[in-house]
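Here the structure is laid out as C-alpha cells; the discussion comes afterwards.
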Protein chains: 2
Amino acid sequence: MTTKTKTKTQAPAAKAAGDHLRLDNQLCFALYAASGLVTRAYRPLLEPLGLTYPQYLVMLALWEQAPRTVKALGQALELDSGTLTPLLKRLEAAGFVTRTRDAEDERRVQIALTQAGEALREKAGVVPTALACQLQLPLDEIVELRTTLQDLARKMKAAS
Amino acid sequence: MTTKTKTKTQAPAAKAAGDHLRLDNQLCFALYAASGLVTRAYRPLLEPLGLTYPQYLVMLALWEQAPRTVKALGQALELDSGTLTPLLKRLEAAGFVTRTRDAEDERRVQIALTQAGEALREKAGVVPTALACQLQLPLDEIVELRTTLQDLARKMKAAS
DNA sequence: TCCAATTCAATTGTGTACAATCTAAATACG
DNA sequence: CGTATTTAGATTGTACACAATTGAATTGGA
C-alpha cells in the first residue's frame with residue numbers, strides 16, 4: 001500500500017523518508033543479525049570444549065600457525081590488543097595457551113599452544129561439520145557467500 | 001614435544017587436520033569479520049549523530065514504527081532485554097526516546113521517540129548512502145548479498 | 001651517540017551481548 | 001475465586017569490542 005500520498009501524516013510511521021532507512025533494506029543489519037545468529041548457534045557446540053566463540057576463532061588461528069604474537073593474531077582476526085589481551089589471559093588460565101615475552105624483542109608477547117590446546121583441535125574437528133548441517137545451506141552456496149563476504153572485507157580494508 | 005611422528009616436519013602448521021579448520025574456510029569467520037568491519041565503517045558516520053552502531057539500529061527500528069515495546073524491539077533486532085535495557089536508558093539519557101510503563105499491561109515498557117529522536121531521522125538520511133559508497137559494491141550485488149543473509153537468518157531461526 | 005619517533009602490549013573507560021535469576025503483573029485453570 | 005503458570009523487564013555476572021592512554025622497548029636519524 002505504501003500510502004505515498006503527500007499527506008502530512010506525522011505520527012504513524014516511516015514513509016516520506018523512503019525505504020532507504022528501513023531495517024530490512026539495510027545490508028548492515030542483515031550482516032549484524034546473521035552474524036549474531038551464527039555466533040549463537042556455535043555456543044552450544046563450543047561449550048563442551050570450554051571455549052567461547054571468539055576464543056574458538058583465536059584457537060583456529062593458532063592451530064593454523066603457532067606461536068604467533070598478539071599483533072599477528074590481531075591482524076588475522078581483525079581485533080586489537082584491548083580485546084585480545086584479556087581473552088588470551090582467559091585461554092591461558094584455561095590451560096590452552098602460554099604467553100611469553102619474546103627474548104628478541106621484549107615488546108612482543110608470543111602466544112603458543114599447550115598440549116591441551118593442541119589436543120583440543122581433535123575435539124573441535126566436528127564443530128564445523130555440525131554447524132554446516134544447521135545452516136541448511138548447500139555447500140556451493142556456503143562457498144559463494146563466504147567468497148562474497150571475504151571480497152567485501154578485502155574492499156573495506158583497502159578503503160580504510 | 002611432537003614426539004608422535006619421526007617426521008621432523010611437525011612445527012610449521014596445520015596439515016593433517018585438513019583444511020576444514022582453516023580460518024579462511026570458515027563461513028562463520030567471514031561473517032564475523034565482515035560484520036565487524038562494517039560496524040567500524042559506520043562509527044565515524046554515526047558519531048556526529050551521537051549514536052553508536054547498535055543504537056542506530058534501534059533508532060532505525062523506531063523510525064519505522066513507534067512506540068514499540070522492549071519485547072517488540074528485541075524481536076525486530078534479535079536482542080534480549082539484558083542488552084536493550086541499558087542501551088535504551090542511554091538513548092533516553094541522550095534525549096532521543098522515552099520509556100513509559102504501559103497502562104494496559106504494567107509489565108510492558110513502551111519506547112517512544114522524542115522530538116529530537118524524530119528530528120534525528122533527517123540527519124541520518126545520508127548515512128546509508130555514504131556507507132554504500134565505501135562498500136565499493138554494485139547495487140545488485142548488495143541486494144543479492146543482503147537477500148542471501150536474510151535467507152540464512154530465516155533458516156537459522158526456523159531451525160532453533 | 002643520543003634522543004625523537006615508532007611500535008607493541010597492557011590498561012582504562014564506555015558500551016554492547018547474553019545466560020541466569022529476580023520481581024511484578026497478567027493469565028490459566030481448577 | 002485463589003493459586004499455578006506464564007510473561008515482560010530489570011538485574012547480575014561474565015565476556016567481548018574498541019578508543020584513548022600509558023609505558024617500555026626498539027629504531028631511525030642528525
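The sequence lines fix the lettering, A, B, ..., with proteins before strands; numbering per chain opens at 1.
- Although no hydrogens or angles enter the test, the distance criterion places a donor-acceptor pair under 3.5 Å between the side chain of B/W63 and the main chain of B/G117.
- Between B/E92 and B/R99, at least one side-chain N (NZ, or NE/NH1/NH2) sits under 4.0 Å from a carboxylate O, which counts as a salt bridge.
- Comment: A/R101 does not engage A/E106 in a salt bridge, judged by the lack of any side-chain N to carboxylate O separation of less than 4.0 angstrom.
- In this structure a side-chain-to-backbone donor-acceptor pair under 3.5 Å is present from A/Q150 to B/D24.
- Put simply, the side chain of A/R68 never gets that close to the backbone of A/L62: no donor and acceptor are under 3.5 Å apart.
- At a threshold of 4.0 angstrom between heavy atoms, the contacts of A/T39 with the nucleic acid are absent.
- Taking atom CG on B/L88 and atom C1' on D/dA10, their separation rounds to 12 Å, with Å as the unit.
- Between A/D80 atom CG and D/dT21 atom C1' the separation is 13 Å, expressed in whole Å.
- Within 4.0 Å (heavy atoms only), A/L84 reaches no atom of the nucleic acid at all.
- Ring-plane geometry between A/Y53 and B/Y32 is classed as perpendicular, the angle between the planes exceeding 60 degrees on a 0 to 90 degree scale with a lower cut at 30.
- Put simply, CD on A/E78 is 18 Å from P on D/dC16, counting in whole angstrom units.
- Taken to the nearest 0.5 Å, the OG1 atom of B/T69 stands 8.5 Å off from the CD1 atom of B/I111.
- For the contact set between residues 106-113 of chain A and DNA chain C, defined by any heavy atom under 4.0 Å, the members are A/R107, A/R108, A/V109.
- Of the options A/D102, A/T98, A/T100, a side-chain hydrogen bond (donor to acceptor under 3.5 Å, both in side chains) to A/Q110 is made by A/D102 and by none of the others.
- Distance alone, capped at 3.5 Å, is enough to place a donor-acceptor pair between the A/E64 side chain and the B/L23 backbone.
- Atom-to-atom, CZ of A/R90 to C1' of D/dA17 comes out at 11 Å; the value is rounded to the nearest Å.
- Rounding to whole angstrom units, CZ of residue B/R68 and P of D/dG9 are separated by 12 Å.
- No donor-acceptor contact under 3.5 Å links the side chain of B/S81 to the base of D/dA8.
- Spacing between atom CZ of B/R101 and atom P of D/dG9 amounts to 8 Å, rounded to whole angstrom units.
- The minimum heavy-atom distance linking A/L149 with B/A34 is given by the pair CD2-CB, 4.1 Å.
- Bracketed by its first and final contacts, the part of DNA chain C lying under 4.0 Å from non-hydrogen atoms of chain B reaches from C/dG15 to C/dA26 in 5' to 3' order.
- Of the possible polar contacts, none joining the B/Q134 side chain to the B/L131 backbone as a donor-acceptor pair under 3.5 Å is found.
- What separates CG of A/L79 from C1' of D/dA15 is a distance of 13 Å, to the nearest Å.
- Within residues 42-58 of chain B, the residues that have a heavy atom under 4.0 Å from DNA chain D are, in order of number, B/R43.
- Along DNA chain D, the nucleotide closest to A/G82 and the one closest to A/D105 are compared, and the more 5′ of them pairs with A/G82.
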